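Beneath this line is the structure, given in C-alpha cells, with notes to follow.
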Amino acid sequence: MADLTDLTLLEAAQALRRGEISSRELTEACLTRMQALEPQVHAFLATTPELALQQAQAADRRLKAWRQDRSQPLPLTWGIPIAVKDVLCLQGVPTTCGSRILEGFRPPYTATSVQRVIDAGAVILGKTNTDEFAMGSSTENSAYGPTHNPWDLERVPGGSSGGSAAAVAARMCFAALGTDTGGSVRQPASFCGVTGLKTSYGRVSRYGLIAYGSSLDTVGALARSAADLVPLFEAMAGHDPLDSTSMPDPVPQVSLEDADLKGLRIGVPREYFIEGIASEVEEAVRRAVQVFADLGAQVQEISLSHTDLALPVYYLIAPAEASANLARYDGVRFGPREPAQDLWEGYFATRGARFGPEVKRRIMLGSYALSAGYYDAYYGQAQKVRTLIKGDFEAAFQEVDLIACPVAPTTAFRIGEHGDDPLSMYLEDVFTLPANLAGVPGIAFPVGFDSRGLPIGMQLNAPHLGEPALLQAAHSYQQATDWHKEHPPL
Ligand code: GLN
C-alpha cells in the first residue's frame with residue numbers, strides 16, 4: 001500500500017478489520033511522518049512513541065481475536081493513532097497547557113475524554129501544542145513556540161487547538177482531540193482545512209480538562225471529515241459522575257446513512273455577514289449554503305440580534321472564570337517553583353516568571369471584573385447579556401433546525417500579524433464565541449480556498465445536544481463536494 005497516512009480514519013479502520021494492515025504499521029507510519037514534518041510544523045509538545053507502540057500492539061491482539069469471533073462489536077477507533085491537545089491530562093505524560101508554569105508536570109490521572117478514546121482502542125501519539133491555557137486564536141501564545149500552518153508555514157494554524165488541527169492537516173495522525181471555549185476547535189479546523197466538532201456544553205466530560213472558562217469549556221475533536229468524527233464523538237460523549245455539569249442524557253447513535261438534507265431548515269443569521277469579513281470568505285460560505293439548498297435544504301435568513309455583544313461579554317466572562325481557575329498555580333501545588341525567601345515572594349516570583357503576557361492580561365482583567373464594587377457592573381451585567389444571546393439561539397431554533405455561518409472573518413493570518421494588538425486578535429473570534437455563550441454545538445468544515453490557496457471554513461450550529469444533526473449535515477455536504485479531500489503540499 002502507498003502511504004498509510006493518506007487513508008482516512010474510516011478507511012484505516014476498515015483495513016484494520018480486514019487484517020490488511022496492522023495498528024503497529026499505522027502507528028509507525030504516523031511516527032515517521034511526525035519525525036519528518038515536526039521540525040517545520042511543531043504541532044506537538046510531547047510525543048509518546050513507546051506508549052503508542054504498546055497500545056498498537058494491544059490493539060492488534062484484540063483485532064486478531066475479533067476477526068475470529070465477531071460477536072462483540074469493536075469501535076471504529078480501534079487501533080487508530082490520534083493526538084491529544086495538551087490541556088487534557090494523560091497520566092504520567094507531561095501536560096503543560098503550553099505554559100512554563102506547568103513545565104514538567106505529569107498528571108496523576110487521565111481525563112475522562114482521553115480515557116474513553118483509549119478504552120475505544122485509540123493509540124495516543126502525543127500531546128499537541130496550544131495557546132497558553134487555551135487563551136488565544138493562533139497558537140502563538142504557547143510558551144514553547146508557535147505551530148505552523150501546514151498550508152503555509154509562515155502562517156498560524158489558528159488556535160488554541162492549533163497543534164491538533166495542524167497535526168490532522170499534515171496527516172501526522174488520523175484525528176485529534178481539542179477543546180473549544182470560544183472557538184478553539186472550529187477556528188483552527190477552518191484555518192487548516194479540516195473538520196472540527198465543538199460539542200454541546202455538558203456533552204463530553206470536562207474531568208481532567210485543565211480548566212480555562214468553566215462555564216464555556218467543551219471537549220471536541222478534529223479529523224479529515226465529519227464521518228471520521230462520528231466514532232470519536234460516540235466514544236467521548238456521555239454522562240460522567242466525575243463532572244457535575246455532565247449531561248445525563250443518553251448519547252444517540254449517529255447514523256450517516258439516514259443523513260438527508262431534504263426539508264432541513266437552515267437559518268443564515270444576517271448579523272454574521274458584517275463589515276470586516278473577507279469577501280472571499282463570505283462568497284465561499286454563501287456558495288456552500290447554496291449547495292445545501294441545492295441538496296434540498298430550506299434556507300432562510302434569520303436574526304441573532306445580540307451577536308455584536310458576544311465579544312465583549314465573552315471577554316469578561318472567560319477572563320473572570322480564568323482568573324479564578326488559574327489561582328491554583330502558585331508554585332506549590334503544581335509544576336516548578338522559582339526560588340524565594342518566603343511564601344509570598346514565591347507566589348509572585350513563580351507566577352511572574354512563568355505565566356505569559358496574555359495569561360497575565362486575562363488574570364488582571366478577570367480579577368478586576370470580579371472585584372467588589374465592579375462585580376455587578378461587569379460580570380453580573382455580562383451574565384445577563386449572555387442570557388439574551390442564549391435566548392437569540394432558542395428563538396432561532398423555533399424557526400430552523402440548523403444555523404449556517406462563517407467560522408472566522410479571515411483565513412489564516414501571518415505569524416506575528418496581530419503582534420502587540422490583543423484586541424485585533426480577539427476580533428478573530430467574533431463568529432465562534434456565541435455558540436459557547438449559548439452552550440450549543442458547532443461543526444466547522446472546509447468549503448473552499450482563498451486566492452492565496454488557504455482553506456476557508458464554514459460553521460453549522462444546532463440546538464443543545466444536536467451533534468448528530470450537525471455530523472449528518474456536514475457529512476451530506478462532504479458527500480457532494482471534495483474540499484475536505486484536499487491536502488496541504490507537505
Ligand atoms: N480565542 C478565544 C480565547 O482566546 C477562544 C479560545 C478557546 O476556545 N479556548 O479565549
Side-chain angles (χ1 to χ4, degrees), residues 3-17 26 30 75-83 117 120 122 150-151 157-158 161 164-178 180 185-199 220-237 253-261 284-285 288 291-292 295 402 404 407 441-449 455-462 467-488:
D3 197 336
L4 292 178
T5 57
D6 285 342
L7 298 173
T8 68
L9 187 153
L10 290 182
E11 286 165 353
Q14 296 310 337
L16 283 171
R17 271 150 206 263
L26 275 183
C30 289
L76 287 163
T77 34
W78 213 274
I80 300 289
I82 68 161
V117 294
W151 291 92
S161 311
S164 289
V168 172
R171 283 165 285 147
M172 298 190 228
C173 54
F174 292 90
L177 303 195
D180 193 312
V185 163
R186 291 161 287 157
Q187 185 255 20
S190 174
F191 278 17
C192 290
V194 302
T195 306
L197 176 71
K198 174 224 176 281
T199 55
L222 302 95
R224 291 179 216 158
S225 67
D228 280 0
L229 284 170
V230 170
L232 283 163
F233 169 70
E234 288 180 342
M236 285 196 297
Q253 279 235 321
V254 184
S255 161
L256 294 183
E257 270 117 68
D258 302 346
D260 187 4
L261 294 170
V285 171
V291 172
F292 279 99
L295 293 170
L402 300 178
V407 181
I443 194 165
F445 49 95
V447 295
F449 291 88
I456 300 173
M458 86 168 258
Q459 172 174 209
L460 293 173
N461 295 122
E467 290 90 350
L470 288 181
L471 290 161
Q472 288 174 334
H475 176 69
S476 300
Y477 177 85
Q478 290 179 333
Q479 292 286 95
T481 57
D482 283 334
W483 301 114
H484 63 292
K485 293 183 186 158
E486 299 286 336
H487 292 318

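Here the structure is a predicted model, which means the values were calculated and not measured.
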Tightest non-hydrogen contact, residues S225 and H484, listed as CB-CD2, 3.9 Å
Does the side chain of F174 come within less than 4.5 Å of T77's, by heavy atoms?
-> no
side-chain hydrogen bond (donor to acceptor under 3.5 Å, both in side chains) filter on N461, not counting sequence neighbours, yields Q459
At their closest point, which heavy atom of I443 faces which heavy atom of A474, and how far apart are they?
-> CD1-CB, 3.9 Å
With a 3.5 Å cut-off and sequence neighbours excluded, list the donor-acceptor pairs that the side chains of residues 227-235 form with protein atoms.
from: D228; atom 1: OD1; to: L10; atom 2: N; distance (Å): 3.2
from: D228; atom 1: OD2; to: L9; atom 2: N; distance (Å): 2.9
from: E234; atom 1: OE2; to: V254; atom 2: N; distance (Å): 2.8

E486 side chain vs G193 backbone, donor-acceptor pair below 3.5 Å | no
Identify, with sequence neighbours excluded, every residue that meets side-chain hydrogen bond (donor to acceptor under 3.5 Å, both in side chains) alongside S190.
-> none
With rounding to the nearest 0.5 Å, note down the distance linking CH2 in W78 to CG in L16.
-> 12.0 Å
What distance separates Q479 CD from D482 CG, expressed to the nearest 0.5 Å?
-> 10.0 Å
Give the minimum heavy-atom separation between A404 and L460, together with the two atoms involved.
-> CB-CD2, 3.7 Å
Could you state the interatomic distance from CZ (R171) to OG1 (T8), rounded to the nearest 0.5 Å?
-> 12.5 Å
Rounded to the nearest 0.5 Å, what separation is found between the CD atom of E467 and the OG1 atom of T199?
-> 6.0 Å
Only counting residues at least two apart or in another chain, list the ones meeting side-chain contact (heavy atoms from CB on, under 4.5 Å) with A166.
-> V41, A43, T147, P150, P157
Quick one: side-chain hydrogen bond (donor to acceptor under 3.5 Å, both in side chains) partners of Q472, sequence neighbours excluded?
-> none
CG/L402 to CG/L470 distance, rounded to the nearest 0.5 angstrom?
-> 6.0 Å
Got M458 and W483 here, is their nearest side-chain heavy-atom distance under 4.5 Å?
-> no
Nearest heavy-atom pair of A189 and G196: which atoms, and what distance?
-> CB-N, 3.7 Å
Does the pair T5 and C30 meet the rule for a side-chain contact (heavy atoms from CB on, under 4.5 Å), with working shown?
-> CA-CA 6 Å; T5 57; C30 289; 4.2 Å; yes
Can any side-chain N or O of W151 pair as donor or acceptor with the backbone N or O of C192 at less than 3.5 Å?
-> yes
The reported gap from CG in D6 to CZ in R224 (rounded to nearest 0.5 angstrom) is 7.5 Å
Heavy atoms of A223 and A175 approach each other most closely as CB-CB, 4.0 Å
Where the side chain of S164 meets the backbone of G178, is there a donor-acceptor pair that is under 3.5 Å apart?
-> no
Only counting residues at least two apart or in another chain, list the ones meeting ring pair (Phe, Tyr, Trp, His ring centres under 6.0 Å) with F445.
-> Y477
Can you name the closest pair of heavy atoms from T195 and P446 and give their distance?
-> OG1-CD, 3.9 Å
